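The next block holds one structure in the form of structure tokens; read it before the comments.
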Amino acid sequence: MELAKVTTQGQITIPADIRKYLNVKGGDKVVLIRDNGRVVMANSTMLALREVQEAFSGVADNLGLKSEDDVVALVKAHRKSKRA
């Protein structure tokens with residue numbers, strides 16, 4: 001457990017161990033999520049990436065994509081159809 005002090009301006013300094021754990025650096029954004037009476041902090045970029053991955057879960061299987069070559073072929077076919 002880490003402790004952070006709130007300034008009169010409502011700011012806190014995220015302890016170094018937590019910044020490292022969340023992989024956040026100066027200028028990065030974090031998200032604060034209310035969760036059953038507590039607040040959870042997360043790296044906003046990583047959270048967004050995880051949500052996108054979950055949203056696309058199973059799509060590759062549905063499209064029959066089994067390798068990177070399959071994805072490249074799909075992209076090429078899509079681009080070709082857009083030019084036509």
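What you see is a predicted model; the values in this text were computed from it and never measured.
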Would you mind writing out the side-chain donor-acceptor pairs for residues 63-74 within the sub-3.5 Å range, not counting sequence neighbours?
residue : atom : partner : partner atom : Å
S67     : OG   : D69     : N            : 3.3
S67     : OG   : D70     : N            : 3.3
D70     : OD2  : K66     : N            : 2.7
D70     : OD2  : S67     : N            : 3.2

When the side chains of residues 52-61 are checked against the rest of the protein, which donor-acceptor pairs come out under 3.5 Å, sequence neighbours left out?
none

Taking only distance into account, with no hydrogens and no angle test, what donor-acceptor pairs under 3.5 Å do side-chain atoms of residues 13-28 form with protein atoms, sequence neighbours excluded?
residue : atom : partner : partner atom : Å
R19     : NH1  : I14     : O            : 2.4
N23     : OD1  : K25     : NZ           : 3.0
D28     : OD2  : K25     : N            : 2.7

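With sequence neighbours excluded, no residue forms a side-chain contact (heavy atoms from CB on, under 4.5 Å) with T8. Under the rule for a side-chain hydrogen bond (donor to acceptor under 3.5 Å, both in side chains), R34 has no partner lying at least two apart in sequence or in another chain. Applying the side-chain contact (heavy atoms from CB on, under 4.5 Å) test to L32 and every residue at least two apart in sequence or in another chain returns V39, M41. Partners of Q11 according to the side-chain contact (heavy atoms from CB on, under 4.5 Å) rule, which considers only residues two or more places apart in sequence or in another chain, are T7, Q9. Legend: residues meeting salt bridge (charged side-chain N to carboxylate O under 4.0 Å, His left out) with D35, ordered by chain and number and at least two apart, are R38.
In the hydrophobic clustering of this structure, V6 groups with V30; members are Ile, Leu, Val, Met, Phe, Trp, Tyr whose side-chain heavy atoms approach within less than 4.5 Å, directly or through other members.
K76 places none of its side-chain heavy atoms less than 4.5 Å from the side chain of K80.
A donor-acceptor pair under 3.5 Å links the side-chain atoms of S44 to the main chain of K29, judged by distance alone.
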